[in-house]
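From a predicted model like this one, the values you see are computed outputs, not experimental measurements.
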Amino acid sequence: MITQNSTSQFRPVIADYEDPIEFFKAMISYLRTSEKSFTILSATRSLRKVSPALVSLILQKKRQLTLDRVEEFAKLLRLSASEKSYLRVWLERRQNSKLDASDTSKFTPEKNRKDVSTHILKDWINVYVKDCFQIPAVQADRSLIFRQLANLASPQRIERSIEFLLSEGHLRKTLEGKIVTETPLTVTDPQISSDKIRQFHKGALNVAKAAIDSHPASERYANTFIVPVDEERYQELVGLIQDFAEKMKDFAAQTSGNRLYQVVINLSPTGGKFE
């Protein structure tokens with residue numbers, strides 16, 4: 001494996017590297033040297049699926065670069081068409097091969113997470129219904145879901161949601177007749193603007209609002225910060241939230257329990273701008 005000096009003035013050659021992360025680091029170092037204005041923050045502003053937080057996690061080998069982000073990552077690294085093709089084939093070959101899971105320099109598929117379209121939000125309650133079936137008691141007795149979600153939706157609406165989720169493959173029936181989730185975590189791209197996503201977030205905020213009155217502080221957590229920031233610090237703040245969100249996705253994909261909780265992260269302006 002070739003390890004190039006981080007201050008090298010020569011453009012890294014992708015074929016010289018055995019570890020994608022080392023190539024990424026070398027390219028970023030090269031761009032910082034050759035383009036004085038280059039920063040990860042500014043370079044990711046126009047990218048839809050790549051944030052400064054994600055880049056940091058990938059470089060630390062705490063996250064995987066997935067195939068659906070190759071196009072955006074190639075823009076970040078200023079890759080040529082041939083380099084982008086090389087990177088895509090590189091990742092496909094590594095993901096399809098049987099690798100030692102303990103080797104963090106290798107890329108492996110994320111088995112506990114599924115990227116989905118906004119179709120699951122045909123009714124925003126679908127997400128709550130789906131995740132309720134991660135609770136073993138609900139898997140054993142589906143009627144318990146009506147008690148779990150009694151304050152969110154009517155039994156008829158929940159029943160329609162169950163049938164929809166089964167037909168769309170988000171839920172499945174086991175040989176024992178239990179209903180279980182197909183994958184622990186389903187995610188949609190948060191950068192997509194959609195009426196369905198807006199309705200889901202509004203619903204989640206209403207659930208959080210109701211919980212303040214209906215549940216004691218020992219069963220919930222609320223924390224609000226009011227902060228004045230400029231455009232640059234705003235992007236830094238968004239990066240912090242995205243970093244936390246990535247960690248939450250990992251947590252959600254591996255956890256189970258006997259009660260359903262929601263975590264709501266909401267960053268919004270409190271008023272207008274001064275012109």
* **Verdict with reasoning, R32 to I40, per side-chain contact (heavy atoms from CB on, under 4.5 Å)** => CA-CA 9 Å; R32 284 172 173 160; I40 298 296; 3.6 Å; yes
* Find the distance between OG1 (T66) and CD1 (I58) and round it off to the nearest 0.5 Å. => 7.5 Å
* Asked: Are the side chains of D243 and S56 in touch, meaning some heavy atoms are under 4.5 Å apart?
  -> no
* Which heavy atom of N126 sits nearest a heavy atom of S161, and at what distance? -> OD1-OG, 2.6 Å
* Selection residues 205-225 - residue pairs positive for salt bridge (charged side-chain N to carboxylate O under 4.0 Å, His left out), sequence neighbours left out -> E219-R259
* **Inter-residue atom distance Q134.CD - Q139.CD, 0.5 Å rounding** => 8.0 Å
* Asked: Which residues satisfy the side chain to side chain contact (heavy atoms under 4.5 Å, CB included) test with R157, sequence neighbours excluded?
  -> D123, W124, I125, A153, S154, R160
* **Flag side-chain contact, heavy atom, 4.5 Å: Q199 against L121** => no
* Asked: Does the side chain of I120 come within less than 4.5 Å of L165's, by heavy atoms?
  -> yes
* **Under the side chain to side chain contact (heavy atoms under 4.5 Å, CB included) test, residues paired with K173 that sit two or more places apart** => L166, I179
* Asked: Taking atom CG of L79 and atom CE of M27, what is their separation to the nearest 0.5 Å?
  -> 5.5 Å
* Structure fact -> Sorted by chain and number, sequence neighbours left out, side chain to side chain contact (heavy atoms under 4.5 Å, CB included) with R88 holds for L67, V70, E71, E92
* Asked: If you count the non-hydrogen atoms of other residues, nucleotides and ligands that lie under 6.0 Å from CG in D141, is the total more than 12?
  -> yes
* **Least distance between heavy atoms, Y86 atom then A15 atom** => OH-CA, 3.5 Å
* Look at K122 together with E168 and state whether they make a salt bridge at an N to O cut-off of under 4.0 Å. => no
* Within 6.0 Å of OH in Y261, more than 12 heavy atoms from elsewhere -> yes
* **Q262 and Y128: side chain donor to acceptor below 3.5 Å** => yes
* Is it possible for you to say whether L87 and L57 belong to one hydrophobic cluster, with membership spreading through side-chain heavy-atom contacts below 4.5 Å? => no
* Asked: Would F244 and V229 show up in the same hydrophobic cluster when neighbours are defined by side-chain heavy atoms closer than 4.5 Å?
  -> yes
* Asked: Counting only heavy atoms not in E232, do more than 12 sit closer than 6.0 Å to its CD atom?
  -> no
* Could you note down all residue pairs passing ring-ring contact (aromatic ring centres under 6.0 Å, His included) where residues 36-82 supplies at least one of them, sequence neighbours left out? => F24-F73
* Asked: Could you state the interatomic distance from CG (L267) to OH (Y234), rounded to the nearest 0.5 Å?
  -> 5.0 Å
* Are V180 and L260 grouped together when hydrophobic residues (ILVMFWY) are joined by side-chain heavy atoms under 4.5 angstrom apart? -> no
* To do: Go through the steps for E163 and S167 under the test side-chain hydrogen bond (donor to acceptor under 3.5 Å, both in side chains), then give the verdict.
  => CA-CA 6 Å; E163 296 307 316; S167 66; over 6 Å; no
* Asked: What about F200 and V207, same hydrophobic cluster or not, with Ile/Leu/Val/Met/Phe/Trp/Tyr joined at side-chain heavy-atom distances under 4.5 Å?
  -> yes
* Atom CZ in F133, atom NZ in K178: separation rounded to 0.5 Å? -> 12.5 Å
* **Partner residues of Q235 under the side chain to side chain contact (heavy atoms under 4.5 Å, CB included) criterion, sequence neighbours left out** => L41, R45, E231
* **Where K25 and L59 come nearest, the two heavy atoms and their spacing** => CE-O, 3.4 Å
* **Single-linkage hydrophobic cluster, 4.5 Å side-chain cutoff, Y17 and I21 together** => yes
* Less than 4.0 Å between a side-chain N and a carboxylate O, is that true for R233 and D230? -> no
* Atom pair CZ (R142) and CD1 (I158), whose distance is rounded to the nearest 0.5 Å -> 11.0 Å
* Shortest non-hydrogen contact from K130 to L171? -> O-CD2, 3.9 Å
* Asked: Where is the tightest heavy-atom contact between L205 and V264, given as atom of each residue plus distance?
  -> CD2-CG1, 3.7 Å
* Asked: Counting distance only, does the side-chain N/O of T44 pair as donor-acceptor with the main-chain N or O of L47 below 3.5 Å?
  -> no
* Please report the shortest heavy-atom distance between E83 and P12, naming the atom on each side. => OE2-O, 4.3 Å
